Structures are given as C-alpha cells and as structure tokens.
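Working notes, structure below.
All values reported here derive from a predicted model rather than from experimental measurement. Below, all heavy atoms of this structure are taken into account, side chains as well, without hydrogens, waters or symmetry copies. First the proteins, then the strands, lettered A, B, ... as listed; each starts at 1.
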Amino acid sequence: MFEYAPAPESRSVVDIKPSYGLFVDGTFVDPVDGGSFKSINPASEEVLAEIAEAGNEDVDRAVRAARKAYEKVWGPMPGRDRAKYLFRIARLIQERSRELAVLESLDNGKPIKESRDVDVPLVAAHFFYYAGWADKLPYAGFGPDPKPLGVAAQVIPWNFPLLMLAWKIAPALAAGNTVVLKPAETTPLTALLFAEICQQADLPAGVVNIVTGAGDTGRALVEHPGVDKVAFTGSTEVGKAIARAVAGTRKKLTLELGGKAANIVFDDAPVDQAVEGIVNGIFFNQGHVCCAGSRLLVQESVADRVLESLKRRMAQLRVGDPLDKNTDIGAINSAAQLAKIRELSEVGAAEGAERWSPACELPDRGFWFAPTIFTGVTQAHRIAREEIFGPVLSVLTFRTPAEAVEKANNTPYGLSAGIWTDKGSRILWLADRLRAGVVWANTFNKFDPTSPFGGYKESGYGREGGRHGLEAYLNV
Amino acid sequence: MTATATSARSDLSELGRSETALRTFLHGLPGVDQVGAEQRAAQLGTRSIKTTAKAQAIDLAIRMVDLTTLEGADTPGKVRALATKALRPDPADPSCPHVGAVCVYPAMVPYVAEVLRGSGAGSGRPSGGPGQADGAAPAGLGIVHLASVATAFPSGQAPLDVKLADTRAAVAAGADEIDMVINRGAFLAGRYQEVYDEIVATKEACGDAHLKVILETGELATYDNVRRASWLAMLAGGDFIKTSTGKVPVAATMPVTLVMLEAVRDFRAATGRQVGVKPAGGIKTSKDAIKYLVMVNETVGPDWLDPDWFRFGASSLLNDLLMQRTKLTTGVYSGPDYFTLD
Amino acid sequence: MSERVAVRKTYKLFIGGKFPRSESGRSYIVQSGGEETANVALASRKDARDAVVAARAAVKGWAGATAYNRGQILYRVAEMLEGRRDQFIALGASADEVDAAIDRWVWYAGWSDKLPQVYGGANPVAGPYFNLSAPEPTGVVAVVAPEAPALLGLVSVIAPAIVTGNTVVVAASPAAPLAAVALAEVLATSDLPGGVVNILTGRLSDTVPTLAAHMDVNAIDLTGVTDADLAAELEVKAAENLKRVLRPAPVGHDWFADPGVTRMTVLLETKTVWHPKGV
C-alpha cells in the first residue's frame with residue numbers, strides 16, 4: 001500500500017488576533033453594546049477569535065459611513081480611479097493568497113487544496129474582472145450613462161466566505177456603489193482580513209464596511225431605510241423573508257439561493273469524466289454548494305455500471321484535516337449544519353432509500369460527515385426534493401431524454417444542471433429545456449468571473465458575474 | 001458503454017476474428033473527454049507526497065525503471081555500463097534497490113545479458129509475473145529483466161516477417177521482455193484486424209518473453225484512440241501497454257497514462273486478466289515519477305504498484321531518483337557529480 | 001325611415017384565445033363612448049386561476065417558437081391595430097395614442113431576434129470551455145395594466161413581456177377595460193396563439209392578489225398599481241415563490257417616451273451553458 005504521509009499546510013502564515021471589531025468608516029471599532037460571539041475551527045472546535053456582534057446602532061453607523069463615502073468620495077470619483085483601487089485589491093489578494101487560503105480553511109473547514117486552488121484565485125480574478133469595468137460602464141449595454149444605486153447591503157453565506165464577498169463587493173464598487181457587508185457568523189475571518197486589505201490598498205474610508213453578526217445583524221442591515229440595494233446569497237427561506245422585507249421600498253434586490261441540481265448521465269457519456277463530474281458535483285466543498293449536483297439522474301441502462309465506478313472513486317476520497325494538502329473532503333462547517341445533514345440522511349434511510357458510504361475514518365473532534373450516496377431514490381423522497389447542503393447524493397434513474405428533463409425540472413429550484421453525453425445535439429436539446437441558470441455539459445461546478453451565475457424560480461433572481469452582474473448595481 | 005467496470009466477466013476472445021467485431025467493440029467503448037481527463041490528471045499531480053511516503057515512492061519508482069538506451073550510437077561498452085548500473089544504481093548505498101529492467105536494441109541484448117547473467121540475474125523468464133491472472137509472486141522477483149525493443153522499432157515500418165524475425169532474434173539473444181510497436185498507420189486507417197494480427201503474431205514469436213505493446217500515443221492524436229488502441233493491444237494478448245517509443249515529439253503524459261490505466265482497470269474487470277502499463281519518454285524527475293505513482297494508486301490501486309505491473313521507460317530519471325533518495329537519507333541536497341552517468 | 005338600431009357589443013374576458021364570460025356570471029357597467037354603457041365582465045379568483053392555467057399551457061409553444069415567428073406575430077398585431085384605428089379613437093383614445101401604440105408593437109416586434117444578441121453572448125472564461133449566456137423567458141407573467149393612457153399603457157406592458165416568449169395574464173384597469181377587450185379582439189385575429197395573452201377585467205382586488213400569490217406564476221408587473229400599500233402587499237405575496245417583480249410605474253410616467261429594454265429584461269432568465277473544448 002502507498003500511504004500518503006501527512007502534508008499539512010503551515011498555519012503560521014496567518015496571524016489571527018484574539019478579537020476583532022467591526023470595520024466601519026475605514027477603521028476597526030468596537031460595537032456600541034459590546035456584544036460578541038466566537039468563531040471556531042469546525043475541524044477541531046477550537047475557538048479562533050472573538051468577533052464583535054453588530055447591533056442596530058452599529059449597522060446604522062456603517063450605513064451612514066457608506067452613504068457619506070458614496071456621496072463625498074466614491075460616487076464622484078472617476079471610474080478610472082475606482083478601477084485602480086480595485087486592481088490594487090486584486091493584486092493584494094494575489095500577494096496574500098496563501099494567508100487567505102489558510103485562514104479560509106481554518107474558519108470554514110474546507111480543504112486547503114480548494115481554498116488555495118479554487119476560492120482565492122477566483123476571488124482575485126473577480127476583482128480583476130470588475131476593476132476593468134469601472135471606467136467602461138457606458139459600454140456595458142445599460143445605456144450611455146448608467147448610474148450606481150448608492151449604498152448596497154450585502155449578506156453572504158458561509159460556504160465560500162471570501163468568494164461570495166468578492167462576488168458582492170467587486171461589481172458593487174466597480175459600478176460606483178459603497179457597501180456594508182455582513183459575512184456569515186461562522187466564517188467572518190477572511191472578510192475581516194479583507195478589511196485589512198482595503199486599508200492596505202488605501203481604499204477611501206466608508207467605501208467598504210464589514211459588520212459581523214448573525215441573523216439579527218443581517219435583518220437590521222437589510223431593513224435599514226438608508227440602503228438602496230440588497231444582495232443576498234443563502235437559503236431560499238431567508239431569501240423569501242428578505243424579499244418580503246424589501247417589499248414596497250425602493251431597494252433593488254438580487255437573490256442567489258438554494259438548489260437541487262440534477263446531474264444527468266446518459267448511456268453514451270464519457271464515463272470516467274462523468275464519474276469525476278459526479279464526485280466534483282456533490283463532494284466539492286463538502287457539498288456546501290448551492291449549485292451542487294445533488295440529484296444524480298442516471299440512465300437506467302447504465303446505472304449499475306456508473307454506480308460501481310462511482311463507489312470505487314468515492315473510496316479514494318480522503319476525508320480529514322482541512323489543512324492537509326491531500327484532503328479531498330474537509331469538515332462540515334458547523335454543528336447545526338451537521339445536524340441538518342444527519343437529519344435528512346436519516347429521513348432518506350427511513351423512507352427506504354439505500355445508503356452507502358466508503359469506509360472512512362472520521363476524526364474525533366470537529367464536525368464530520370462521510371461522503372454518502374443514496375440509491376433507489378424517487379422524486380417522492382425528501383432527499384430528492386430538499387437541499388441537504390452536504391456530501392450526500394441522491395441517485396435516481398431515467399429511461400428517455402424527455403423523462404430526464406421532466407425529472408430535472410420537477411423542483412421549485414432552478415440554479416444549475418449537468419449533462420453528460422457524447423452527443424452534441426442532445427446536449428443542446430437538453431440545455432434548451434432545463435430550467436436552470438447554469439448548465440454544465442460534460443463538466444460541473446466551473447466558475448468564472450466573466451460567466452453569469454444565478455437561478456430560475458426559487459433559486460433566486462439576478463445574475464452575478466459577467467456583464468450581467470453589473471446590472472444588479474446600476475440604476476437600470 | 002461496453003464491457004467496462006462490470007463485475008461480470010466476459011469472453012472477448014472471439015472479437016479478434018473479424019474486423020467488424022473489433023471495430024464495433026472498439027468504437028463502442030465510452031469516449032474520453034479531453035478536458036476532463038486532463039483536469040483529473042492535473043489534480044492527481046497536486047498530491048503532496050512527503051517524508052515516509054516520498055521515501056517509499058522513490059524506492060518503488062527505482063524498482064520500476066526500465067533503464068533505457070536506444071541510440072544509434074549504442075555500443076557494447078555503453079550498454080554494459082548501463083546494465084551494471086541497473087544492478088547497483090547507487091554503488092555507495094547497498095540498500096538502494098535495483099531497477100526493473102534494462103531496455104536496449106536487439107543487437108545490444110547479448111552484451112546486457114552477459115552482465116545480468118553474471119550477476120545471477122537476467123534472461124530467461126521463469127513462470128509467473130505479468131500475464132498471470134493468479135497474481136502470484138513471480139519466481140523471478142528480485143532480478144533485473146532484460147527488455148529489447150523489436151518489430152522494426154521505432155517506426156514499425158517493415159514487413160511482418162522481418163518484424164517477427166527481429167523479435168525471435170531478441171528473445172534468442174536473451175531478452176525476456178519485448179517492447180513492440182504497433183502499426184500506427186494501419187490503426188489510424190481503421191485496419192484494426194491488421195494491427196491485432198501483428199500483435200498476436202509477435203506475442204507468439206515472444207515465446208515465454210513478455211510482450212509490451214507500444215501504442216505511440218503521440219501519433220494517435222486523441223484519447224479516444226488511446227483507449228481503443230489500449231483495448232486492441234490487450235485483446236490481442238499484450239502483457240503490458242506502453243505509451244511511446246521516445247522517438248516522436250510527444251511521449252508519455254499524465255493524461256495519456258491515465259486513460260491507459262483506466263483501460264487496464266476496465267479490462268481486468270471485464271476479463272479477469274491483469275495487464276501492465278509503461279509510460280515511457282519524458283519522465284525525468286522524481287516529482288514526475290511520484291505523480292505517476294499517485295495516479296496509479298488512485299486509479300487502479302495497489303495491485304499495480306509493483307514493477308511487474310508498472311514501469312517507467314526512462315534514462316535520466318534514475319539519477320534524479322537517486323539524488324532525491326540521498327537527500328531524504330542525508331538531509332542535504334546532492335549534486336550530479338555524486339552519481340554515475342552511465 | 002327609422003334610424004337603424006345599433007348592434008351593441010358584449011365585453012367579455014379573454015382567456016386561452018377564447019372570450020368567455022366570468023365564471024361568476026357577474027359584470028359591471030362602464031361608459032363606452034358617447035351615451036352608451038357596456039356591461040364588462042367582473043372577473044373572479046377562479047377566472048384568474050383559469051387564465052393562469054391557459055397562460056401556463058401556452059408557454060411551451062410560445063417560448064419554443066422561433067424568435068422570427070414571434071416577431072412576425074407582433075408585427076401582425078401592429079397591422080391589425082392599424083386597421084382598427086378608428087375603433088380605438090371611438091373608445092376615447094387620442095389619435096396620437098393609437099399611433100404610438102401601433103408603433104410600439106412594431107418596435108417590440110423587431111426586438112424578438114435581437115434582444116438575445118444584445119443581452120446574451122459568449123463569455124471569455126479562463127479555461128478550455130465554450131461558454132454562452134442567453135436569455136430565456138421566465139414563464140407566466142401577471143400584469144397590472146396602467147389606467148391611462150388606456151391603450152398605449154396596455155400595449156406598453158404586454159408587448160415587452162410576450163416578445164421574448166413569456167405568456168401573460170393581464171388585469172386590465174378597472175376604469176378603462178374597453179380598450180383592453182378591444183385589444184383582445186385585435187390579438188385574437190393576429191395569429192397569436194391562444195393563451196399567450198389573457199385579459200381579465202373587473203376589480204383588481206378580486207384578481208390581482210390571487211395572481212400575486214399564485215405559485216405557478218413566475219413574475220408580476222405591478223405597473224398599474226397606484227396604491228402604495230397594495231403594491232407592498234402584492235410584493236409580499238409575490239415573495240412566496242420569489243416572483244420577479246416590476247414595481248409600480250412612477251407617477252407621471254411618460255408612456256410616449258422610449259421604453260428602453262428593462263421591461264423586457266426583468267422578465268428574462270439568463271441561462272449560461274458550459275462545454276469543454278477538446279478533441
């Protein structure tokens with residue numbers, strides 16, 4: 001046997017402070033009522049830092065700082081200068097990429113190979129992409145002189161903390177808005193390091209404000225009358241609450257919410273790549289991915305063979321220390337999320353689906369869940385309908401292309417879909433019919449700053465990325 | 001999706017009797033998506049192999065080297081030196097394993113045989129080893145094999161009887177492994193029967209010697225072709241499939257080897273017979289070799305992590321492995337002056 | 001010789017390409033130019049439901065029609081409307097308004113095969129992938145038509161919704177339903193497939209909350225809602241299945257101005273397709 005020795009990435013590259021304040025008007029400040037919470041490492045349950053919890057008054061200060069910066073500095077600033085600040089930030093992210101990757105893995109639990117090779121490079125790319133738009137807005141197709149909206153309230157999830165920050169902040173700033181961003185309460189650290197990067201870039205005070213906290217902080221921010229724009233990524237349930245909260249206001253809203261994507265494998269698929277795509281589709285980032293291919297729809301005639309290959313491949317997945325460079329699946333982000341995954345998995349078993357996981361040893365401390373597939377699942381099973389947001393795949397079968405489309409679309413969600421077949425015309429036929437904002441054909445879970453991302457139906461509205469992503473932050 | 005990854009064993013021996021059957025079978029194999037295959041290979045290349053794992057991998061890689069010289073300028077003196085090095089790659093360290101085989105042109109076989117025989121190793125393959133479905137430890141374990149290229153290497157552009165005579169001569173001179181080249185022209189023209197028959201005939205000419213079938217993947221242009229050629233070679237009885245002659249611009253690559261590993265994995269699942277894989281050409285550093293071993297480990301598993309089932313066709317690779325090995329033992333970086341240049 | 005007795009018109013609903021009465025059997029009276037009055041159908045919740053069913057059934061064919069075909073049909077609407085200019089003037093529209101309404105159909109007709117080019121396109125991703133974004137219709141759209149200008153306002157909310165392949169259920173302005181029903185007659189003779197446009201007359205409070213809450217409606221256009229509280233209430237209902245929402249038009253909106261593309265784009269979904277490039 002060829003056993004890989006531990007290959008831990010050094011955590012000495014990051015300097016985590018014992019406590020963090022709120023980033024308001026260019027400086028770190030204590031919250032008015034002094035509240036705080038702890039951010040822990042989900043792989044070990046050790047406390048990483050004490051984080052300030054923003055109350056209503058803190059949120060108000062942040063919004064006012066953003067308003068002032070919008071009116072006095074960022075709004076009037078020529079696009080070419082906004083661009084240069086964004087390029088600066090992009091460069092600083094590249095320069096501090098190792099630090100950001102390690103911190104992200106510590107705080108989130110994702111494997112270092114993903115934070116290092118996927119998250120952080122995409123973050124830098126996103127800032128580079130939108131930096132270039134800042135002085136080209138008249139050419140973006142939204143009229144000769146599109147205007148920013150003002151102050152953007154942005155609430156982001158814990159699955160890709162820094163990447164979601166980039167998806168929110170880069171287009172907002174490029175378009176000339178200022179922002180108040182609330183990171184998720186379990187993963188605030190990279191956003192706070194990003195605040196330091198803003199300082200290092202000499203970004204004018206108040207252009208970016210970071211308020212940490214949980215649901216109440218988010219609600220205060222979204223409901224604040226001083227914001228002109230609300231952007232949220234997270235669960236469909238919270239997304240609906242936000243849509244209700246902004247009803248009747250002037251606030252422009254974009255939502256990027258849940259999904260239950262079908263990954264459709266035909267009998268003529270390039271099977272080895274399809275198996276990789278299935279694995280990447282559901283086990284990437286522990287399955288904490290809104291566009292995860294959580295429903296495998298495999299053509300019945302090849303289902304056994306595909307599953308055999310899939311199981312063999314799953315046996316190779318290495319679950320464990322997120323900082324080990326060879327880890328494929330890291331820690332579940334929180335105890336609460338782990339409980340939810342466990343609950344739905346138990347429902348799956350209770351409803352009669354057959355559960356399988358490869359033999360794998362899970363660490364004693366921290367939050368862990370072995371990669372799992374359920375076979376014999378039908379559309380009526382809860383695990384085929386509800387978003388699990390974990391490393392759990394439901395396997396269904398189909399007989400004809402029409403049946404595949406029908407099953408794929410038979411969900412209130414519509415974020416993404418996958419197609420695996422060697423037949424080009426079939427791909428295009430399916431792509432036309434799948435009600436999903438992103439269709440990956442013979443690939444899965446690919447992201448790029450130039451490529452619009454966002455959902456149909458209850459997966460939300462608006463697009464992030466590309467020229468389309470600007471629209472959310474312009475008065476058009 | 002034909003006959004792959006299935007636990008039910010199939011009898012594929014009839015396929016070689018008709019061009020149509022061969023074509024239908026080979027074209028029914030699942031396609032390979034280039035981008036996906038290359039990404040998977042690249043991902044495997046990011047594994048971090050350190051400390052004990054690295055030491056283990058380096059020794060294994062040394063044992064898997066087919067130490068090769070295939071030059072017009074090869075002389076008895078040159079190949080004798082190579083054979084000597086094959087037996088004792090690091091004269092300063094007796095714990096260093098010997099390589100898997102020496103690989104030379106047929107005319108050079110007798111000189112290599114002399115050296116290997118003198119050491120008690122060498123020609124005449126005992127029973128067991130590659131091609132044996134039972135997987136029992138080959139009786140010849142611990143010896144350095146003697147491989148000879150044959151069949152009008154590297155182009156393969158000679159009449160069949162000449163190629164077979166070439167093969168028989170190499171075996172008669174002491175080679176226990178024959179590295180043949182397939183007829184790429186016939187393959188690309190779709191004359192699968194012709195390619196198949198040549199491999200069958202060469203295998204027969206090998207007698208007890210093991211047959212490695214060089215696909216020359218650099219000339220096959222697509223991964224779909226690499227997969228088909230792999231199956232064709234295995235169906236025709238090849239004991240090993242090998243990427244390259246080293247004589248065309250594109251030699252072994254990670255993704256090509258990945259596709260070939262998938263083929264031997266699926267072939268064993270379909271037929272029960274295990275076939276070896278040999279990437280050759282262009283693998284120069286320990287880092288490269290370790291990436292290949294990771295790929296073997298995670299694609300076909302430990303059954304192939306053995307010199308009987310996986311080889312590196314290489315020359316300069318060995319010295320880099322030796323330098324890295326010394327670094328692990330001594331803790332300091334070594335230099336080329338401390339290793340023999342044969 | 002006695003004066004000819006005029007044949008008066010019955011103003012009914014327009015659902016699924018047919019002109020049914022309200023299933024409730026109710027109607028209300030409006031002035032129809034001059035001294036005549038007309039009984040206009042008072043649509044019920046069930047009529048709204050039926051209209052959604054008709055609109056949903058029409059989505060597949062209409063969204064699946066070629067852009068060229070949809071453009072031709074919208075142009076045909078303009079032709080038919082041109083032929084009925086006098087009818088709309090008799091209903092109280094100014095000649096300028098009718099002309100503007102006709103021109104608006106022509107303007108939108110031309111968008112059908114251009115918007116996907118302007119609003120979609122290839123994305124230069126950093127990798128060996130073909131990547132294309134293209135807009136698609138969101139599906140069934142509920143529309144609250146503005147009260148005035150009755151015809152131009154109505155055309156200005158229907159045309160941008162349907163040109164891209166959506167189907168609509170329109171709540172006509174209660175105060176100006178006759179233009180809506182007359183327009184339905186135009187649409188019914190323009191090769192527009194049944195169900196693409198459905199028109200409900202009557203009280204907004206009977207139909208619009210039902211449409212706003214309906215889980216099989218994908219978007220709602222609140223343009224004609226003048227009561228801010230009602231608009232907020234409808235937006236809250238719309239959140240239940242995350243309908244795309246077009247908020248009410250600002251007071252004093254100039255319906256004769258260049259409409260821009262937002263009315264079309266807000267009712268579109270962008271779909272992005274990736275595929276590897278390899279041999």
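In this structure, the side chains of Phe2(A) and Val294(B) come closer than 4.5 Å at one or more pairs of heavy atoms.
To the nearest 0.5 Å, atoms CD (Glu276(A)) and CZ (Arg40(B)) are separated by 4.0 Å. For the atom pair CD (Glu3(A)) and OG1 (Thr52(B)), the distance works out to 9.0 Å, reported to the nearest 0.5 Å.
Considering all non-hydrogen atoms of both residues, Asp272(A) and Arg265(B) come closest at OD1-NH2, 2.7 Å. Looking at every heavy atom in both residues, Ala53(B) comes nearest to Ala5(A) through CB-N, 3.4 Å.
Salt bridge Lys50(B)/Asp324(A): absent, no basic N to carboxylate O contact under 4.0 Å.
Asn326(A) contributes no side-chain N or O that, together with a main-chain N or O of Arg47(B), makes up a donor-acceptor pair within less than 3.5 Å. The backbone N or O of Asp33(B) sits less than 3.5 Å from a side-chain atom of Gln273(A), completing a donor-acceptor pair.
For the set Leu60(B), Ile49(B), Thr299(B), the count of heavy-atom pairs under 4.5 angstrom toward chain A peaks at Ile49(B). Among the candidates Pro302(B), Ser48(B), Gly31(B), the residue making the largest number of heavy-atom pairs closer than 4.5 Å to chain A is Ser48(B).
In this structure, Arg98(A) places its CZ atom where only 12 or fewer heavy-atom neighbours from other residues, nucleotides or ligands lie under 6.0 Å away. The number of heavy-atom neighbours closer than 6.0 Å to CD of Glu354(A), taken from other residues, nucleotides and ligands shown, is 12 or below. Shown here is Lys423(A), whose NZ atom has no more than 12 heavy atoms of other residues, nucleotides or ligands within 6.0 Å.
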Check the pair Lys113(A) / Gln43(B) against side chain to side chain contact (heavy atoms under 4.5 Å, CB included), numbers first and verdict last.
CA-CA 10 Å; Lys113(A) 73 167 189 185; Gln43(B) 271 173 12; 5.7 Å; no
side-chain hydrogen bond (donor to acceptor under 3.5 Å, both in side chains) assessment of Gln56(B) paired with Tyr4(A):
CA-CA 10 Å; Gln56(B) 190 192 4; Tyr4(A) 304 161; over 6 Å; no
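Residue Leu293(B) touches chain A through both its backbone and its side chain, counting heavy-atom pairs closer than 4.5 Å.
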